[in-house]
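Order of appearance sets the numbers: ligands from 1, and atoms from 1 within every ligand. Here the structure is a predicted model, which means the values were calculated and not measured. Positions are given from 1 along the sequence.
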Amino acid sequence: MASAAQCFSSYSSSPATWALRQRGGARVLQLSSRRSFCVSAAAGGFDNQNREYVIVGGGNAAGYAARTFVEHGMADGRLCIVSKEPVPPYERPALTKGYLFPLDKKPARLPGFHTCVGSGGQRQTAEWYKENGIEVLYEDPVVAFDGKTQTLKTSSGKILKYGSLIISTGCEASRLPEKIGGKLPGVHYIRDVADADSLVSSLGSAKKVLVIGGGYIGMEVAAAACGWNLDTTIVFPEDHIMPRLFTPSLAKKYEDLYQQNGVKFIKGALIDKLEAGSDGRVSSAVLKDGSVVEADTVIVGIGAKPVVGPFEAVGVNPEVGGIEVDSLFRTSVPGIFAIGDVAAFPLKMYNRIARVEHVDHARKSAHHCVETLLTSQTKAYDYLPYFYSRVFEYEGSSRKVWWQFYGDNVGETVEVGNFDPKVATFWIDSDSRLKGVFLESGTSEEFSLLPQLAKSQPIVDKSKLQAGASVEDALEIARSSLQSGASV
Ligand SMILES: Cc1cc2nc3c(=O)[nH]c(=O)nc-3n(C[C@H](O)[C@H](O)[C@H](O)COP(=O)(O)OP(=O)(O)OC[C@H]3O[C@@H](n4cnc5c(N)ncnc54)[C@H](O)[C@@H]3O)c2cc1C
Ligand SMILES: NC(=O)c1ccc[n+]([C@@H]2O[C@H](COP(=O)([O-])OP(=O)(O)OC[C@H]3O[C@@H](n4cnc5c(N)ncnc54)[C@H](O)[C@@H]3O)[C@@H](O)[C@H]2O)c1
Ligand SMILES: O=C1O[C@H]([C@@H](O)CO)C(O)=C1O
């Protein structure tokens with residue numbers, strides 16, 4: 001009888017066979033893996049080492065990938081997820097939204113927001129993984145990888161041999177150096193539930209909160225701190241919040257709202273050091289200009305870095321970081337894929353390599369990759385960038401805000417609306433093509449127009465858009481330019 005080990009040695013065939021499989025496309029891969037599964041099943045199931053499909057990372061993308069494996073009937077006894085976290089995949093966006101609601105305002109908690117509820121799908125609890133025959137190794141991160149022998153080593157010392165491997169290790173929060181106080185008690189970073197729990201426990205007794213960074217985390221956490229009625233200051237090096245996406249004029253509208261909620265802004269400033277009080281906990285931040293901001297709770301949101309270790313040998317993109325993949329999420333190593341935040345992929349519609357650190361891409365890349373792996377699909381991933389946020393959502397807030405952006409924020413901008421409550425920004429290139437569109441407080445019908453616009457890139461008349469007195473008018477003008485047919 002063939003042993004499971006033999007099964008995998010026949011699977012890890014010569015580079016020439018692999019190349020043939022790659023050329024022949026995904027179906028060949030699928031057949032090979034099915035064969036290897038049958039042999040190992042005949043040998044009495046997987047032994048302690050061999051796994052047919054292994055996903056490393058148990059985050060957002062992994063949860064959606066697992067769902068696609070199940071949809072194809074290819075999970076049961078074949079799929080293993082190796083996770084650093086103690087819980088099954090969840091919708092990470094909740095951590096700086098519902099999770100940070102004040103304790104008396106029904107904050108979100110697990111198991112409420114396991115994937116795939118964020119996109120209206122099933123809530124995949126630990127039982128769901130068990131029922132579907134998916135092995136999940138919790139709190140046991142992969143620490144070493146050997147592509148030649150197709151093995152992974154976990155921190156507890158497990159050796160896992162894989163048939164196909166999906167890397168979905170996501171990002172980690174960038175940190176302030178320890179020598180300037182980046183690790184002091186009371187200094188928080190937010191990437192996972194443990195981080196959010198630690199922040200919630202600090203907020204419970206906080207008086208003065210300092211948020212460092214004016215990006216997504218900064219905006220969402222500063223708004224959350226308002227919900228706890230805390231004295232909140234936000235500091236960042238740029239001239240306005242959300243510099244990666246917002247125009248100065250758009251940013252001003254949001255900054256005004258934060259100020260009305262009592263948030264103080266310190267712009268154009270960098271942190272020199274964080275200092276501890278006599279109890280060892282952070283007590284203040286010293287800025288580069290020498291000024292001092294008192295704070296007992298500091299939240300650092302200064303960006304994120306793709307987690308490529310221990311997979312560097314698979315191929316890291318030098319420009320955008322992350323594991324480089326093709327339009328089917330295949331890395332340069334046959335049988336190894338990368339998805340989600342960590343994947344540097346061809347952003348087809350803009351003809352560039354990109355990493356996208358947002359949940360919509362995590363979900364869609366996971367689905368596309370697994371479809372490629374399990375079916376004969378060879379359709380290139382053609383992603384339309386989509387970002388969103390929601391803040392001041394807690395019950396009792398004087399004004400909830402929610403926005404969506406689709407496309408590319410390049411070219412000139414036209415802004416319409418006064419934030420009462422709507423505002424829209426259109427990005428238009430030198431050929432008058434609409435490249436990107438932002439909308440605050442839209443209806444679901446209005447929001448559903450945005451991807452159509454950003455995808456088709458219709459030619460629009462800037463002066464007409466501007467003349468449209470209301471957001472509704474401007475959207476209607478953009479919609480009619482879609483129908484006029486001058487789109488890409
Ligand atoms: C607080 C927060 C709020 C966000 N809000 C939004 C939002 O509102 N909208 C939006 O579009 N996007 C949002 N994002 C971004 C979105 O959550 C990410 O794009 C998405 O989670 C990416 O999915 P992923 O699976 O690639 O990575 P992750 O979800 O980060 O999952 C990666 C997983 O891999 C694990 N891991 C890492 N290394 C190893 C290893 N060696 N072995 C095993 N496991 C490992 C990690 O612990 C983690 O569990 C938010 C992100 C954060 C942090
Ligand atoms: N709604 C969403 O899509 C959402 C929400 C939360 C988090 N996220 C994701 O989580 C990750 C982390 O978010 P983030 O807000 O930390 O990153 P970000 O890139 O959005 O913002 C980083 C901000 O940090 C500031 N900054 C950079 N270096 C600094 C320094 N040395 N000192 C002080 N400030 C500095 C800048 O103001 C910059 O805007 C990203 O991948 C992001 O996409 C997304
Ligand atoms: O995509 C998301 O998922 C979570 C939540 O909806 C899950 O319940 C959240 O806050 C998002 O923005």
Side-chain angles (χ1 to χ4, degrees), residues 55-65 81-85 87 89-100 108 112-120 123 137-145 152 154-155 167-174 176-177 189-196 211-221 234-238 240-246 267 269-271 288 299-311 322 338-343 355-363 365-366 386-391 393 402-405:
I55 300 177
V56 178
N60 240 124
Y64 281 76
I81 299 177
V82 190
S83 180
K84 192 167 158 182
E85 296 190 59
V87 289
Y90 53 86
E91 305 284 6
R92 204 165 297 284
L95 296 182
T96 38
K97 300 183 184 62
Y99 211 91
L100 299 185
F113 58 98
H114 284 298
T115 58
C116 299
V117 294
S119 60
R123 193 160 58 95
L137 305 179
Y138 294 104
E139 292 184 280
D140 199 7
V142 167
V143 292
F145 154 76
L152 304 167
T154 70
S155 71
I167 302 168
S168 67
T169 44
C171 276
E172 63 189 356
S174 299
L176 292 175
Y189 302 85
I190 304 199
R191 189 73 207 178
D192 58 27
V193 165
D195 297 335
V211 177
I212 302 176
Y216 287 95
I217 299 257
M219 279 192 80
E220 293 182 7
V221 171
I234 178 166
V235 55
F236 47 84
E238 297 91 354
H240 64 77
I241 48 162
M242 200 61 97
R244 280 205 289 172
L245 181 64
F246 287 9
K267 300 178 182 181
L270 280 167
I271 304 295
K288 290 273 191 221
I299 300 106
V300 184
I302 58 169
K305 291 180 295 202
V307 179
V308 292
F311 301 105
I339 57 176
D341 280 13
V342 80
R355 273 192 322 99
V356 172
E357 298 176 358
H358 295 273
V359 73
D360 178 62
H361 162 68
R363 294 167 180 161
S365 62
Y386 164 45
F387 317 139
Y388 68 84
S389 185
R390 303 186 308 267
V391 287
E393 289 184 283
W402 67 96
W403 58 258
Q404 297 186 3
F405 168 84

Short N or O distance, [X] and ligand 1, threshold 3.5 Å exclusive:
| X | value |
| --- | --- |
| Thr96 | no |
| Ile339 | no |
| Ser83 | no |
| Arg191 | yes |

Give the single entry among [options] that approaches [atom] most closely by any heavy atom.
| atom | options | answer |
| --- | --- | --- |
| atom 8 (O) of ligand 1 | Lys97, Arg363, Gln404, Arg390 | Lys97 |
| atom 34 (N) of ligand 2 | Gly214, Gly301, Pro237 | Pro237 |
| atom 30 (C) of ligand 2 | Ile302, Asp360, Ile299, Val356 | Ile302 |

- prompt: Got a donor-acceptor contact below 3.5 angstrom from the Asn60 side chain to the Glu91 backbone?
  reply: no

task: Using atom types as modelled and distance alone, determine if a side-chain donor or acceptor of Ser365 lies under 3.5 Å from a backbone N or O of Gly340.
output: yes

Checking a contact table here: which protein heavy atom is nearest [atom], and how many Å away?
| atom | result |
| --- | --- |
| atom 50 (C) of ligand 1 | Pro93 CA, 4.3 Å |
| atom 19 (O) of ligand 1 | Asp341 OD1, 2.6 Å |
| atom 41 (N) of ligand 1 | Val142 O, 3.0 Å |
| atom 42 (C) of ligand 2 | Glu357 O, 4.0 Å |
| atom 38 (N) of ligand 1 | Thr169 CG2, 3.5 Å |

Looking at every non-hydrogen atom in both residues, tell me the closest pair between [X] and [Y] and how far apart they are.
| X | Y | value |
| --- | --- | --- |
| Ala65 | Ala366 | N-CB, 3.6 Å |
| Phe236 | Gly213 | CB-C, 4.0 Å |
| Gly218 | Val211 | CA-CG1, 3.5 Å |
| Leu152 | Val56 | CD1-CG2, 3.8 Å |

Please identify which atoms of ligand 2 are closer than 4.0 Å to at least one heavy atom of [X].
| X | result |
| --- | --- |
| Gly215 | 15 (O), 20 (O), 21 (O), 23 (C), 39 (O) |
| Phe236 | 37 (O) |
| Arg244 | 18 (P), 19 (O), 20 (O), 43 (O) |
| Gly213 | 24 (O), 25 (C), 34 (N) |
| Ile212 | 33 (C) |

Are any of the N or O atoms of [X] closer than 3.5 Å to those of ligand 2?
| X | result |
| --- | --- |
| Pro243 | no |
| His358 | yes |
| Thr96 | no |

field: Subset of ligand 1 atoms that lie under 4.0 Å from at least one heavy atom of Glu85
entry: 47 (O), 48 (C), 49 (O)

Report the part of [X] in contact with ligand 1, treating N, CA, C, O as backbone and CB onward as side chain, heavy atoms under 4.0 Å; options are side chain, backbone, both, neither.
| X | answer |
| --- | --- |
| His361 | neither |
| Ser168 | backbone |
| Val359 | both |
| Val82 | backbone |
| His358 | both |

task: Please state whether Tyr388 comes within less than 4.0 angstrom of ligand 1, counting heavy atoms only.
output: yes

Presence of salt bridge, Lys97 and Glu220, under 4.0 angstrom: yes

query: Under a 4.0 Å N-O cut-off, is there an ion pair linking Arg92 with Glu85?
result: yes

task: Go through the steps for Cys171 and Arg355 under the test side chain to side chain contact (heavy atoms under 4.5 Å, CB included), then give the verdict.
output: CA-CA 11 Å; Cys171 276; Arg355 273 192 322 99; 3.8 Å; yes

task: Answer with yes or no whether Cys171 contacts ligand 2, where contact means a heavy atom under 4.0 Å from a ligand atom.
output: no

query: Using a 4.0 angstrom limit on heavy atoms, which residues are close to ligand 3?
result: Glu91, Pro93, Ala94, Lys97, Phe113, Val117, Gly118, Arg363, Tyr388, Arg390

task: Check the angle between the aromatic planes of Tyr216 and His358 and answer parallel, tilted or perpendicular using the 30° and 60° thresholds.
output: perpendicular

